[in-house]
Amino acid sequence: MKTLYGSTPEEIETIVLAQGLPKYRAAQLLEWVYQKNILAWDEMRNIPQDAREKLAQAIPLTALAPVEEKKAVTGGSEKFLFRTADGHFLESVLISQEGEAAAPGNRQTVCVSTQLGCKVHCAFCASGQGKFLRNLTAGEIVEQVSRISRMTKKKITNVVFMGMGEPLDNFEATLKAIRILIASWGFALGARRITVSTSGITPKILEFVKSTEGRVRLSVSLHSSMDAVRSSLVPMNRRYPLKELVSALRRIHRDLKREITFEYTLIAGVNDSEEEVEGVAILAKPLRAKINVIPYNPIAEFPHQAPTPEAAEKFCSQLEKHGLRVTLRKTAGRDIDAACGQLRLDRMSHR
Ligand code: SF4
């Protein structure tokens with residue numbers, strides 16, 4: 001469904017002119033939507049009521065309705081469930097870092113979903129277990145950011161495409177959403193404040209980096225340095241094996257000198273061996289890649305254990321001994337079922 005959220009200046013101008021309204025109304029609409037994050041037509045105070053009524057007839061303003069908000073018990077993150085106009089559920093997370101040493105200042109990061117379900121079917125991911133329903137529109141992606149900003153009264157500083165779905169499998173909408181997030185007429189976020197996380201669709205990564213001129217941060221799900229293990233966790237690896245993926249990333253690193261992050265979901269007894277530490281170091285060092293280690297958050301469909309905090313620390317420190325930059329994600333998200341897709345699945349099973 002096309003909505004005002006997700007529309008570009010050109011598209012908004014076309015709608016405005018088609019309603020016989022002056023062109024300058026388009027600039028006003030852009031400001032109300034992307035900078036003031038309004039969620040109702042009658043909030044647009046400098047647009048007369050008859051003009052608002054005409055516009056409302058021409059295009060819906062929004063596509064989502066809030067359903068539920070869950071706060072992490074340990075603080076730091078809040079999870080939001082939204083309902084789409086066609087009755088499906090999607091989720092987003094707000095991660096607040098206020099004045100922490102690791103992130104001086106006030107960083108408010110929204111983690112957005114890009115699809116309803118996911119076709120990649122990673123073994124450890126709740127989203128990957130559910131049925132794929134459809135891609136989200138660019139409007140549904142950016143509306144998550146606006147709604148969370150309004151609901152929490154926080155200025156969003158960063159957006160990560162790490163929620164439900166594989167962003168590069170919804171390529172055009174992801175690119176359009178990024179354009180809106182970074183444009184001066186849009187949310188005006190710096191491109192380096194946007195991170196797109198991918199399971200490793202190699203040709204799409206190359207196309208994405210070309211389309212965004214490497215300006216947006218890229219995060220690649222590694223999860224293992226061995227093809228057999230990675231294929232069992234991320235079936236996509238059978239199609240785009242590690243050798244192909246890493247050689248594409250080397251080209252990107254060589255040509256653009258851009259930093260790449262590897263996501264590594266650490267699962268006890270599956271990918272936490274010393275052999276993996278060596279393998280990850282061999283892959284990551286030439287790329288000067290940062291490793292983001294995420295302790296596995298157990299789901300019923302994948303009966304493996306989370307690593308103990310000590311085992312996770314040890315895995316990270318062994319990687320650091322190879323000179324790699326490593327971050328260990330806090331487990332605060334576990335309090336709110338922050339494994340992607342989990343809240344939605346929970347809700348779906350109770351319908
Ligand atoms: S981890 Fe990401 S890519 Fe893999 S199934 Fe889940 S949502 Fe899809």
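All values below were derived from every heavy atom in this structure, side-chain atoms included, with hydrogens, water molecules and symmetry-related copies excluded. Whatever order the structure lists them in is the order used to number ligands and atoms, beginning at 1.
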I'd like to know if the side chain of [X] reaches the main chain of [Y], judged simply by a donor and an acceptor atom lying under 3.5 Å from each other, with no hydrogens or angles considered.
X: E166; Y: S199; result: yes
X: Y296; Y: A268; result: no
X: N37; Y: R150; result: no
X: D227; Y: N237; result: no

Atoms of ligand 1 close to H121 [distance to a heavy atom under 4.0 angstrom, numbered from 1]: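 Answer, ordered by atom number: 5 (S).
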For G165, atoms of ligand 1 separated by under 4.0 Å from a heavy atom: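 Counting from 1, the qualifying ligand atoms are 7 (S).
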C118 N/O/S atom closer than 2.8 Å to atom 4 (Fe) of ligand 1: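 Within the cut-off used here (under 2.8 Å), C118 places no N, O or S atom near atom 4 (Fe) of ligand 1.
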